[in-house]
Amino acid sequence: MIAIIETGGKQYKISPGQKIQIERIEAAENGRVIFDKVLLLADGDKVEIGAPYLNGKSVEGKLIEQGRGEKKIVFRYHSKTRYRKKKGHRQNFSEVEISKI
């Protein structure tokens, strides 16, 4: 069984038991998370497609940890003008294990 959900402005293809890193959400550590924006459900040959979401369907997960990703370097450079800017960015994330679709 697979599903496509939307959270944090992004879409994720998931299945039960899978761990995903999503945009940070507010929930307690080891807490329950419910995703109600389900775009597609597929179980073998049976496929349900929402317009845009499926009514009455949800995906349940367990929050494993909150964290910050590795540092990305943002470097701006203009040649011949001595312009150099270096910045770093670390994105916040939540790791969720999908328990039930």
Side-chain angles (χ1 to χ4, degrees):
M1 173 177 266
I2 65 164
I4 297 178
I5 62 169
E6 181 182 323
T7 179
K10 298 175 180 68
Q11 297 176 2
Y12 299 92
K13 178 182 171 187
I14 57 169
S15 57
Q18 181 181 2
K19 293 181 182 178
I20 59 171
Q21 283 188 356
I22 60 175
E23 294 288 322
R24 175 168 268 179
I25 54 176
E26 296 301 320
E29 196 83 13
N30 292 326
R32 211 173 102 203
V33 179
I34 296 177
F35 303 103
D36 56 349
K37 293 184 176 181
V38 180
L39 301 166
L40 180 135
L41 277 177
D43 190 12
D45 290 338
K46 184 181 173 191
V47 178
E48 295 178 61
I49 300 173
Y53 306 116
L54 291 169
N55 293 329
K57 305 289 182 178
S58 65
V59 174
E60 191 174 308
K62 178 182 161 191
L63 183 68
I64 296 173
E65 74 167 313
Q66 304 268 20
R68 296 181 78 193
E70 61 184 51
K71 183 177 269 194
K72 307 280 186 199
I73 302 297
V74 180
F75 188 73
R76 296 180 180 174
Y77 173 77
H78 293 185
S79 62
K80 302 175 191 161
T81 58
R82 296 182 184 170
Y83 180 83
R84 291 170 179 82
K85 296 256 183 188
K86 184 176 178 182
K87 240 169 61 166
H89 175 74
R90 292 181 69 190
Q91 184 67 35
N92 296 325
F93 71 87
S94 298
E95 188 170 2
V96 177
E97 181 178 6
I98 305 301
S99 56
K100 185 171 77 171
I101 296 178

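In this chain, numbering begins with 1 at the start of the sequence shown.
Legend: ring-ring contact (aromatic ring centres under 6.0 Å, His included) pairs involving residues 44-84, not counting sequence neighbours, sorted by first then second residue: H78-Y83. Sequence neighbours left out, the pairs with a member in residues 10-27 that pass salt bridge (Lys or Arg N to Asp or Glu O under 4.0 Å) are K10-E23. The salt bridge (Lys or Arg N to Asp or Glu O under 4.0 Å) analysis of residues 62-76, with sequence neighbours excluded, yields no pairs.
Residues meeting the side-chain contact (heavy atoms from CB on, under 4.5 Å) test with Q11, sequence neighbours left out: I4, E6, L39. For Q18, the side-chain contact (heavy atoms from CB on, under 4.5 Å) criterion is met by I14, S15, I20, not counting sequence neighbours. S58 meets the side-chain contact (heavy atoms from CB on, under 4.5 Å) test with I34; sequence neighbours excluded. Considering only residues two or more places apart in sequence or on other chains, R90 meets the side chain to side chain donor-acceptor pair (under 3.5 Å) condition with none of them. Listed by chain and number, the residues in a side-chain contact (heavy atoms from CB on, under 4.5 Å) with V47 are L40, A42, I49 (sequence neighbours excluded).
L54 contributes atom CG, which lies 11.5 Å from atom CG of D36 (distance to the nearest 0.5 angstrom). Remark: T7 OG1 to F35 CZ distance equals 5.5 Å, nearest 0.5 Å.
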Dump the intermediate steps for side chain to side chain contact (heavy atoms under 4.5 Å, CB included) on K86 and I73, then the final yes or no.
-> CA-CA 7 Å; K86 184 176 178 182; I73 302 297; 4.0 Å; yes
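Considering only heavy atoms from C-beta on, V59 stays 4.5 Å or farther from Y12 through its side chain.
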Under 3.5 Å, which donor-acceptor pairs do the side chains of residues 94-101 form with other protein atoms, sequence neighbours left out?
unit_1: S94; atom_1: OG; unit_2: I25; atom_2: N; d: 3.1
unit_1: S94; atom_1: OG; unit_2: Q66; atom_2: OE1; d: 2.5
unit_1: S99; atom_1: OG; unit_2: E60; atom_2: O; d: 3.1

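Other residues sharing the hydrophobic cluster of I2, ordered by chain and number and joined by side-chain separations under 4.5 Å: none, the residue standing alone. Here I64 is tied to no hydrophobic group at all, with no ILVMFWY side chain closer than 4.5 Å.
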